[in-house]
Amino acid sequence: MSTSQQPDPQGRPARLTVGVVGAGRVGPALAASLQLAGHRPVAVSGVSDASRRRAELMLPDVPLVAPAEVLERADLVLLTVPDDALPGLVTGLAETGAVRPGQLLVHTSGRYGTKVLDPALRVGALPLALHPAMTFTGTPVDVQRLAGCSFGVTAPEELRLAAEALVIEMGGEPEWIAEQMRPLYHAALALGANHLVTLVAQAMELLRAAGVEAPDRMLGPLLGAALDNALRSGDAALTGPVARGDAGTVAAHVEQLRTHSPQTVAGYLAMARATADRALAHGLLKPELAEDLLGVLADRGVGTGRVNGSDGTDGSDGSDGSEGEAR
């Protein structure tokens, strides 16, 4: 890192020129937040029409250039591409000489730590992994959502202060994640956030089928309270027919789902089994009620994931495939 880029004694980075490789939903938002902190976006790359429009919206007057030129112009480069594309991108940039010694390379993948940046490290780059635990829309509201957002931070010890300072400048809260724990950390976020979207979307579809005109209005207060209770109390917040051991109600649910929405049966049963296991382990579900309930949840009608000739899934992996998102 050059003298002009050295953090001050409090760990605050100097003013940096910022580039973005991969104008998905995350990169432009982070660059815009760094701009508010006094850094200067100077270049962005994007392939699709959507990414180019997003860059123009979030980073007006910042030129759209090729990835190599982004690195040529910027002191700090945000690599905000899909997880599977990141290793090849890093290797290609390093092998073509695009990476400069002392250049800060920041990726936003939850899956990877800094080892994925080793090809760039070998030619003198400074590697940081800063993953915002947030879902992004690709609009200016994302910059506001970064306020108080936790970031999973992984970096060499000598860059830890600089990494944490960048997160704080973006309005976030740094949370240190060990290199070997990144996949587990990312799995936890995907389980909680991505699958929540699928569950809520299915619940709204079922409510519409039941004749509810405004399922979002009905679910909003309920789900908000459930989330708040779960974050405060964990498993003690479990309620409903599974936690009560009400096998008859659960059987009625399954019957109705088979009739009206067979593609949701497998997911309902899987989550009900997980809920029953946790309720039993925490003393909420009485053992004498569990046998009948678990019989209903044995899924004899579904077998190996097929419901009345369909495949018991909704075809969704819970993510929207956006570049660099907290998927």
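Under a cut-off of 6.0 angstrom, the local environment of CD in Glu288 is crowded, with over 12 non-hydrogen atoms contributed by other residues, nucleotides or ligands. Environment of CD in Glu175: sparse, with no more than 12 heavy atoms of neighbouring residues, nucleotides or ligands closer than 6.0 Å. Atom CZ of Arg278 has 12 or fewer heavy atoms from other residues, nucleotides or ligands within 6.0 Å. The number of heavy atoms from other shown groups lying within 6.0 Å of CD (Glu213) does not exceed 12.
Here Leu284 sits in one hydrophobic cluster together with Leu238; the rule is ILVMFWY side chains under 4.5 Å apart, joined directly or through other members. Grouped by direct or indirect side-chain proximity (heavy atoms under 4.5 Å, Ile/Leu/Val/Met/Phe/Trp/Tyr only), Leu227 sits with Leu231. In the hydrophobic clustering, where aliphatic and aromatic side chains (Ile, Leu, Val, Met, Phe, Trp, Tyr) are joined below 4.5 Å either directly or transitively, Leu191 stands alone.
The side-chain heavy atoms of Val18 and Gln35, taken from C-beta on, include no pair separated by under 4.5 Å. By the 4.5 Å heavy-atom criterion applied to side chains, Leu159 and Pro127 are counted as neighbours. Side-chain contact between His186 and Asp83 is present, with heavy atoms from C-beta onward closer than 4.5 Å. Between Ile168 and Pro174 there is a side-chain heavy-atom pair separated by less than 4.5 Å. In this structure, the side chains of Phe151 and Thr108 stay at 4.5 Å or more apart for every pair of heavy atoms. Considering only heavy atoms from C-beta on, Phe136 stays 4.5 Å or farther from Arg145 through its side chain. At a threshold of 4.5 Å between non-hydrogen side-chain atoms, the residues His253 and Pro241 count as touching. No side-chain heavy atom of Thr154 sits under 4.5 Å from any side-chain heavy atom of Met181.
Follow the hydrophobic side-chain contacts under 4.5 Å out from Val42 and you never reach Val21; the two are in separate clusters. Under the 4.5 Å side-chain heavy-atom criterion for ILVMFWY residues, a single connected hydrophobic cluster contains both Val123 and Leu105. Criterion: ILVMFWY side-chain heavy atoms under 4.5 Å apart, direct or through other members. Under it, Leu257 and Met204 are not part of a common hydrophobic cluster.
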Check against salt bridge (charged side-chain N to carboxylate O under 4.0 Å, His left out), Arg40 and Asp75: CA-CA 10 Å; Arg40 184 165 63 91; Asp75 301 319; over 6 Å; no
Stepwise side-chain contact (heavy atoms from CB on, under 4.5 Å) check, Leu189 with His131: CA-CA 11 Å; Leu189 295 180; His131 175 252; 3.5 Å; yes
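Here OG of Ser51 is found 7.5 Å from CG of Leu64. Values are rounded to the nearest 0.5 Å. Taking CG from Leu71 and OG1 from Thr96, the interatomic distance works out to 8.5 Å, rounded to the nearest 0.5 Å. The distance from atom CZ of Arg54 to atom CG of Leu59, rounded to the nearest 0.5 Å, is 11.5 Å. Note that NE2 of His39 and CD of Glu169 are 3.5 Å apart. Values are rounded to the nearest 0.5 Å. With rounding to the nearest 0.5 Å, the separation of CG in Leu184 from CD1 in Ile177 is 9.0 Å. Atom CE of Met271 and atom CG of Leu199 lie 6.0 Å apart (nearest 0.5 Å).
Side chain to side chain, Tyr112 and His107 fail the donor-acceptor criterion of an N or O pair below 3.5 Å.
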